Structures are given as C-alpha cells and as structure tokens.
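Letters go in sequence order (proteins before strands), and every chain restarts at 1. Only heavy atoms go into these numbers, but all of them, side chains included; no hydrogens, no water, no symmetry mates. Everything numeric here is computed off the predicted structure, so don't read it as measured data.
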Amino acid sequence: GENVEQHPSTLSVQEGDSAVIKCTYSDSASNYFPWYKQELGKRPQLIIDIRSNVGEKKDQRIAVTLNKTAKHFSLHITETQPEDSAVYFCAAASSGNTPLVFGKGTRLSVIA
Amino acid sequence: NAGVTQTPKFQVLKTGQSMTLQCAQDMNHEYMSWYRQDPGMGLRLIHYSVGAGITDQGEVPNGYNVSRSTTEDFPLRLLSAAPSQTSVYFCASSYSIAGSGNTIYFGEGSWLTVV
C-alpha cells in the first residue's frame, strides 16, 4: 500500500521568510496530493491540492509542486505570517477505492 | 450548514468500558471515515465506508467497530476501552473516496481519555 513520508517534523521560520515542507510517496499509481492545515485544537482543513497531471499549483502565498518521476511533492509558503503557524499534513491517494494516506505532519512556527 | 458533526467533544472512560462516538454528515457524502490523531503519529485511518452497508478496515482497526446503516451516520464503537485508545478522534466525509480527488471534510474532533 501507499506510504507517505513527510519532512521536517518541526520547522521554525522568521515572519516574512519562506517555508518549505517536503513529502515523498511510494505508490507510483497515486494521482491526488492534498495538503491540510490544522490549527491548535481545530480540525484539519484542506488548503491546496494537486493532481498528477499538473506540475505546480499556486494560490496566493501557497504553492505546491509535484515531481512524479522522483515521487515527491512539496508545499511552499512565501511571506510567512504568524497565522501560518499550524501543523501541516500532506497526503496521497491512488485512483479507485483507496483512502488517503497522510504523512505524520510538520509543525510550523512563524516567529514574529 | 452543519457539515460533519461529532459527539461527544470530550469523554473520559474507565478501562474496560465501552462507548460510541457519533458522527453525522448532511452533505449526502458517500465516503465516511474515522481517524485517530496521536502526537507525532499524524492521522491514522481506523475504519472507512464507501456507502451505506459497506465498511472496511484502515491502518489501526483493532479495538473498534463501525457500521453504516444510513448514508448520514457512521458511529465508531470502542468495545472495551484501553489506555492506548486515549487519543483525538476525527470523523471525516467526502463525496466519494479520496482517490478520485474529492475534498475530505473533517468533524471538530472528539477528545477521549481512558484511565
């Protein structure tokens, strides 16, 4: 089955700097890669996703890149703000009736 | 628009007790699932369902039962609670199983402590 590795587990950046979180996956058939943000004490919520027919996707300060050959994808946050502080989860899913598999999460702290 | 509703939000159980975590969604989603979240372990899938009458095991199913008698409801039963089941539990749903790229919506979570 699918295995998703996420790095780093913790990340601290200064406000205004960029943050990058990386994930690798094992199943070459996986074709859907969402990212979820979980604020302290809250539920995870989708912030951006990418499908395997796209190499990069941007939404304001957030971007995700996908390298199918290397089987890895990354979340990029530019001009970080204190409200970006949260735990971020990557996930991967194959086509068909298979559930999402999540990485173990990255705790991002943005220092003002 | 309620989305995914979980109850209770907080619960303390004694070892050996049984209980049911309730989950309901009002979005007519076929796919529902239960995750547990432990520090440093991410979101681990317990059980999932692709439609009424159909359930399947996830990564960590031992000690838990589920049923899906209606599209809306997907309760999670702890048969005989153990301290290792102390965790935060999230119910989630999506239009169909996420392999087809459908957004998963999570409930607010249920904090369970087993003493």
Could you look at [X] and say if it's the side chain, the backbone, both or neither that has a heavy atom under 4.5 Å from chain A?
{"X": "B:V88", "value": "neither"}
{"X": "B:E59", "value": "neither"}
{"X": "B:Y48", "value": "side chain"}

Query raised in the report: Any idea how A:F73 and A:Y25 line up, ring-wise: parallel (<30°), tilted (30 to 60°), or perpendicular (>60°)?
Result: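 Rings of A:F73 and A:Y25: tilted, as their planes differ by 30° to 60°.
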Given that the side chain runs from C-beta out, which part of [X] has a heavy atom under 4.5 Å from chain B: side chain, backbone, both or neither?
{"X": "A:Y36", "answer": "side chain"}
{"X": "A:Q38", "answer": "side chain"}
{"X": "A:P34", "answer": "neither"}

Requested in this report: Taking A:T10 for its side chain and A:R107 for its backbone only, find out whether a donor-acceptor pair lies under 3.5 Å.
Outcome: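 Such a contact is absent between A:T10 side chain and A:R107 backbone.
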Query raised in the report: If we only count heavy atoms from C-beta on, is the B:L45 to B:S33 side-chain gap below 4.5 Å?
Result: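 A side-chain contact exists here, since the closest heavy-atom pair is under 4.5 Å.
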**Report entry** Minimum side-chain heavy-atom gap B:L78-B:Y64 below 4.5 Å
**Finding:**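 A side-chain contact exists here, since the closest heavy-atom pair is under 4.5 Å.
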**Report entry** Reported CG-to-CG distance for the pair B:L43 and A:L100, which is rounded to 0.5 angstrom
**Finding:**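 Between atom CG of B:L43 and atom CG of A:L100 there are 10.0 Å.
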Query raised in the report: When rounded to the nearest 0.5 angstrom, what is the spacing between CZ in B:R36 and CD in B:Q85?
Result: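 If we round to the nearest 0.5 Å, B:R36:CZ and B:Q85:CD are 7.0 Å apart.
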Query raised in the report: Relative to chain A, which of B:F90, B:W111, B:Y105 shows the most heavy atom pairs under 4.5 Å?
Result: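 Looking at each option in turn, the highest pair count goes to B:F90.
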